[in-house]
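Values in this document were obtained by computation on a predicted structure and should not be read as measured data. Index from 1, following the sequence.
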Amino acid sequence: MKKAVSRAVGLILAAVMTAAMMGCSSPKAEEGAQPGNTESDALAEENTGSGETTGQEASGGDAAASADRIVNIGVTDSLGGINPFTIDQTWINKYAVGLQFLPLVELDGELNFQPMLADSITTEDNQNFVVHIDENATWSDGTPVTAQDVEFTFRRLASPVIANATLMLYAFEGVGDDGFLEEGAESVAGVQVIDEKTVQFTSKYPMALTTFENTYACYLHTLPKHVLEQYSEQELQTLDWFNHPDVVSGPYRVTDYDVDHYISYTANTEYWRGAPRIEKLNFRIVDSSQVYAGLQSGEIDLTHHTMTAIPQEDYESIEALENVNVIYGSPITNQSVFIQTANLPDARVRQALVYAIDRNQILEQLMKGHGEVVDGFLSSASPFYDSGITPLPYDPDKAKELLAQAGWDGSQTLRFYVNSGDGTFVNAAQVMVAQWAAVGIKVEVQTVDLATLMTVAGTMDYDLFAVQYTYAPVDPYPDVSWLLGGEGSWTSYGDTSINEALEKTQTAGSVDEIRDLYTIVDKKVQEDVPMFSAYIISAQGAVSKRLTGVNANVYGFFNNIHEWDIAQ
């Protein structure tokens with residue numbers, strides 16, 4: 001499967017990275033928010049002309065009473081779209097769509113796969129995956145959700161006309177290596193309907209059950225065939241129906257949205273798992289500098305660890321608010337530093353880069369201790385994390401010794417690219433540069449916006465670059481396999497022992513066995529240092545005390561949204 005995943009991640013890298021980096025991207029400033037305007041005024045102006053009562057409208061004057069029954073989720077990234085056929089898989093897009101069209105399964109706060117549309121997914125051979133749809137699952141018009149809906153959705157997602165490459169569908173039988181079917185295909189060999197509630201997926205290569213669940217089942221938002229089969233593939237790309245769908249499987253449906261400012265929902269009172277207790281819901285898209293004020297005023301009810309970038313300097317102020325509970329998420333987002341090993345071929349120099357910096361000091365001073373330091377890819381949030389791998393310590397004398405052994409003369413200046421939208425790490429990079437200079441390594445920081453950083457990452461024209469990257473705790477295989485995939489990857493690094501261990505994770509029979517395999521990977525990465533982790537982030541989230549039933553975890557945040565309520 002390694003070849004396939006390597007090609008896939010190359011195709012979807014920008015989307016995956018955007019999802020991982022929502023905590024550091026720079027959201028667009030709100031249009032209409034002039035100096036002196038309050039946040040409420042700006043948001044009300046943005047929503048002029050909406051046919052629905054939203055949180056933005058309800059935040060003002062005469063509508064104050066109705067606002068008591070509306071929940072506003074503050075997020076800091078712009079919506080890419082709400083058409084499930086064309087969106088990329090950034091977190092805001094995934095959740096915006098997932099509230100209407102459920103995935104097959106979803107991770108919960110304990111990193112278990114919780115049934116959503118599917119009540120079970122099983123495999124006996126790691127290539128045939130049998131998905132059973134919950135017998136009670138129905139569309140909001142009363143029509144049962146069926147295996148035919150799942151097959152129809154897959155086939156349209158694999159359409160070369162719709163051309164959405166973000167789901168890596170070429171991993172399944174009958175789908176081309178480019179991830180698409182023949183135009184107009186009426187079936188696909190790798191997705192077979194067994195009965196009304198059972199569908200079987202067949203992969204071309206051995207694949208761990210967790211990989212199938214995390215990479216596919218969590219992102220396949222099943223759509224109603226009986227509503228959409230009348231439309232051509234071309235029409236589905238821009239179908240207005242998705243802007244206000246009247247048939248959904250999830251707890252809410254979109255009533256209005258502006259990609260830069262808000263998404264408004266109303267409850268699906270026919271939700272088969274139980275009608276939501278909160279009638280109206282909004283995603284309020286704001287600048288990160290507005291989050292604290294919004295929480296303080298009550299105009300924002302809650303934030304999400306991966307969709308809301310809260311500036312570090314606001315953490316303590318938010319903790320002091322009396323109207324919210326603060327929850328720090330599991331350490332899952334890695335501030336990764338990738339080394340272009342083709343430009344720095346001596347592992348001793350790469351090791352010296354790590355020994356020369358005081359990562360614990362950076363974590364404590366800049367992150368206020370909200371995170372951890374590890375070597376390799378996996379954090380303590382992963383079931384495959386090996387606590388026995390001790391991170392390389394801060395040891396400038398060791399760094400100098402290694403540089404001397406490598407014949408480093410100090411004349412080379414390394415180019416270090418950093419995301420300008422991640423202010424915390426821009427500061428961290430300056431600390432690192434000073435500590436590198438102290439051992440004789442000259443480094444020049446290049447701060448660029450995220451889009452430029454991703455462009456640079458696709459070349460070999462850098463020595464180091466840093467970006468936040470979330471390696472899925474239960475399924476790091478696709479990302480790790482690509483990043484250590486040799487020539488053409490961000491590191492240009494490959495190793496036979498790593499490749500063999502990664503391949504074995506796809507057929508391993510127990511968590512302990514998989515952990516042992518990832519230990520091989522992380523120890524080798526610690527030894528050869530094609531990348532290192534500056535720190536792992538435990539992001540801050542906040543929930544208004546007026547809400548009840550919210551499971552404010554990094555994963556599973558919206559799984560039980562129909563049970564959220566307003567405290568009386």
**Report entry** Candidate pair Leu484 and Phe377, rule side chain to side chain contact (heavy atoms under 4.5 Å, CB included), full reasoning
**Finding:** CA-CA 11 Å; Leu484 303 183; Phe377 292 94; 3.8 Å; yes
[X] and [Y]: side chain donor to acceptor below 3.5 Å:
X: Asp88; Y: Thr166; result: no
X: Tyr477; Y: Thr215; result: no
X: Tyr471; Y: Asn334; result: no
X: Asp475; Y: Thr211; result: yes
X: Tyr262; Y: Asp256; result: yes
X: Asn559; Y: Asn551; result: no
X: Thr470; Y: Thr333; result: yes

I'd like to know if the side chain of [X] reaches the main chain of [Y], judged simply by a donor and an acceptor atom lying under 3.5 Å from each other, with no hydrogens or angles considered.
X: His244; Y: Arg253; value: no
X: Arg277; Y: Ile566; value: no
X: Asn282; Y: Ile73; value: no
X: Asp301; Y: Asn72; value: yes
X: Asn553; Y: Gly556; value: no
X: Ser481; Y: Pro478; value: no
X: Ser382; Y: Pro473; value: yes
X: Ser538; Y: Ser330; value: no
X: Asn560; Y: Gly549; value: yes
X: Lys197; Y: Ala137; value: yes

Report task. For the pair Tyr555 and Trp91, name the ring-plane relationship: parallel under 30°, tilted 30 to 60°, perpendicular over 60°. Result -> tilted
pair [X]-[Y]: side-chain heavy atoms closer than 4.5 Å:
X: Val191; Y: Gln200; value: no
X: Glu183; Y: Glu233; value: yes
X: Val175; Y: Phe180; value: no
X: Ile332; Y: Ile536; value: no
X: Val75; Y: Val286; value: no

Roughly how far, to the nearest 0.5 Å, is [atom2] of [Y] from [atom1] of [X]?
X: Gln127; Y: Thr202; atom1: CD; atom2: OG1; answer: 8.0 Å
X: Ser264; Y: Lys280; atom1: OG; atom2: NZ; answer: 8.5 Å
X: Tyr257; Y: Ile263; atom1: OH; atom2: CD1; answer: 9.5 Å
X: Thr303; Y: Gln540; atom1: OG1; atom2: CD; answer: 7.0 Å

Query raised in the report: Does the gap between the ring centers of Tyr95 and His304 come in under 6.0 Å?
Result: yes
Requested in this report: Answer yes or no: is there an ion pair linking Asp565 with Arg69, defined by an N-O contact shorter than 4.0 Å?
Outcome: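 Looking at Arg69 together with Asp565, the answer is yes, because their closest N to O distance falls below 4.0 Å.
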Query - side chain to side chain contact (heavy atoms under 4.5 Å, CB included) partners of Lys504, counting only residues at least two apart - result: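 Testing Lys504 for side chain to side chain contact (heavy atoms under 4.5 Å, CB included), a comparison that skips the adjacent residues, returns Leu517.
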Requested in this report: Provide the full list of salt bridge (charged side-chain N to carboxylate O under 4.0 Å, His left out) pairs with a residue in residues 124-152, sequence neighbours left out, each pair given once.
Outcome: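 Matches after skipping sequence neighbours: Glu151-Arg155.
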Query raised in the report: Do Glu235 and Gln230 pass the side-chain hydrogen bond (donor to acceptor under 3.5 Å, both in side chains) test, and can you show the C-alpha distance, the side-chain angles, and the key distance before you say yes or no?
Result: CA-CA 10 Å; Glu235 290 173 322; Gln230 63 182 299; over 6 Å; no
Residues 96-113, side-chain donor-acceptor partners within the protein, below 3.5 Å, at least two apart:
{"unit_1": "Gln100", "atom_1": "OE1", "unit_2": "Val254", "atom_2": "N", "d": "2.9"}
{"unit_1": "Glu106", "atom_1": "OE2", "unit_2": "Lys94", "atom_2": "NZ", "d": "2.9"}
{"unit_1": "Asp108", "atom_1": "OD1", "unit_2": "Glu110", "atom_2": "N", "d": "2.9"}
{"unit_1": "Asp108", "atom_1": "OD1", "unit_2": "Leu111", "atom_2": "N", "d": "3.1"}
{"unit_1": "Asp108", "atom_1": "OD1", "unit_2": "Asn112", "atom_2": "N", "d": "2.9"}

Report task. Test Asn126 against Thr123 for side-chain hydrogen bond (donor to acceptor under 3.5 Å, both in side chains), laying out the working first. Result -> CA-CA 6 Å; Asn126 292 92; Thr123 183; 5.4 Å; no
Requested in this report: Take Trp139 and Trp272, measure what ring-ring contact (aromatic ring centres under 6.0 Å, His included) needs, and give me the verdict at the end.
Outcome: CA-CA 8 Å; Trp139 298 104; Trp272 59 277; over 10 Å; no
Requested in this report: Before giving the answer on side chain to side chain contact (heavy atoms under 4.5 Å, CB included), spell out for Ser203 and Phe129 the whole-Å C-alpha distance, their side-chain angles and the decisive distance to 0.1 Å.
Outcome: CA-CA 8 Å; Ser203 64; Phe129 302 89; 3.9 Å; yes
Report task. With sequence neighbours left out, write down each residue that passes ring-ring contact (aromatic ring centres under 6.0 Å, His included) with Phe172, or none if nothing qualifies. Result -> Phe154, Phe201, Tyr216
Query raised in the report: What residues, two or more places apart in sequence or in another chain, satisfy ring-ring contact (aromatic ring centres under 6.0 Å, His included) together with Phe384?
Result: Tyr518
Query raised in the report: With Glu229, which residues qualify under side-chain hydrogen bond (donor to acceptor under 3.5 Å, both in side chains), at least two apart?
Result: none
Requested in this report: Please test Leu228 against Phe242 for side chain to side chain contact (heavy atoms under 4.5 Å, CB included), starting from the C-alpha separation and ending with a verdict.
Outcome: CA-CA 10 Å; Leu228 299 177; Phe242 290 114; 3.9 Å; yes
